[in-house]
Amino acid sequence: MFLVRRPTNLVKTTAIATLVLFMPLVASTIASYRSFNRLVQNEFRLQRLSDRITYLDEVLTMSARLNAATGDPRWEERYLDHVPELDTTIAASIDLAPNSYDTSDAAETEAANQKLVAMEEQSFDLVKNGQAQAALDLLLSTTYLQEKERYSAGVMERQAAIDAQIQGKIESYRRRLMLSGIVSGST
């Protein structure tokens with residue numbers, strides 16, 4: 001009765017109720033926007049890091065092979081110059097997607113990587129000792145190629161795990177967006 005007799009009170013009450021009902025909607029929308037923005041930034045950064053890891057891996061492989069083929073020590077210098085960048089890039093990728101690096105596949109990939117590094121370092125030593133052909137044979141050997149294949153397969157598996165993680169976050173975002181829509185519709 002009080003609200004009906006005084007229309008201004010009805011308008012004030014309705015305005016306050018509307019604001020109260022819209023506050024969760026606004027908060028949900030802001031949270032969804034921030035979550036989506038982080039997701040997109042992380043996805044693009046992970047993709048760039050993954051591409052950079054692949055590139056640096058190839059730089060190292062080709063530098064070792066060119067060192068063996070030419071005997072030119074600049075290729076070993078190039079190899080050594082890129083190792084820290086690869087380590088830093090992998091660490092950044094681990095920070096963004098730690099679950100993707102916590103698998104048995106990741107351990108196998110790391111084991112293959114360690115074997116590749118050992119063979120590449122051995123090839124550098126062979127070249128320094130005047131055995132460039134032996135170094136090249138090592139880097140073109142079936143063993144080296146198999147480890148390279150294991151490493152590449154592991155990188156692909158890790159990328160699939162990262163993609164799955166991103167898809168999970170997108171699904172979470174969709175659910176939040178749907179909840180926001182339900183709250184909006186209810187309001």
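Positions are given from 1, in the same order as the sequence printed here.
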Atom [atom1] in [X], atom [atom2] in [Y]: separation rounded to 0.5 Å?
| X | Y | atom1 | atom2 | value |
| --- | --- | --- | --- | --- |
| Trp75 | Met62 | CH2 | CE | 8.5 Å |
| Arg52 | Leu56 | CZ | CG | 4.5 Å |
| Gln114 | Thr109 | CD | OG1 | 11.5 Å |
| Tyr55 | Leu60 | OH | CG | 10.0 Å |
| Ser152 | Glu58 | OG | CD | 7.0 Å |
| His82 | Asp87 | NE2 | CG | 12.5 Å |

CD/Glu149: more than 12 non-hydrogen atoms of other groups inside 6.0 Å: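 No, CD of Glu149 has 12 or fewer neighbouring heavy atoms, counting only those of other groups under 6.0 Å.
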Run the side-chain donor-acceptor check on residues 129-139: report pairs under 3.5 Å with partners two or more places apart or on a different chain.
{"residue": "Asn129", "atom": "ND2", "partner": "Asp125", "partner atom": "O", "Å": "3.1"}
{"residue": "Gln133", "atom": "NE2", "partner": "Asp137", "partner atom": "OD1", "Å": "2.8"}

Given side chain to side chain contact (heavy atoms under 4.5 Å, CB included), test Glu108 with Glu157 step by step and report yes or no. CA-CA 11 Å; Glu108 187 174 325; Glu157 288 289 325; over 6 Å; no
For Glu171 and Gln167, test the side chains for any donor-to-acceptor distance below 3.5 angstrom and give the result as yes or no. no
Shortest non-hydrogen contact between [X] and [Y], atoms and distance:
| X | Y | value |
| --- | --- | --- |
| Gly71 | Val127 | CA-CG1, 3.9 Å |
| Thr89 | Glu85 | OG1-O, 2.7 Å |
| Ala111 | Arg150 | CB-NH2, 4.1 Å |
| Asn67 | Phe124 | ND2-CD2, 3.0 Å |
| Arg65 | Tyr144 | NH2-CE2, 3.5 Å |

Are [X] and [Y] connected in the hydrophobic side-chain network, where two residues link if heavy atoms are under 4.5 Å apart?
| X | Y | answer |
| --- | --- | --- |
| Ile94 | Tyr151 | yes |
| Leu126 | Leu140 | no |
| Leu80 | Ile90 | yes |

Do the side chain of Ser123 and the main chain of Glu120 share a donor and acceptor less than 3.5 angstrom apart? yes
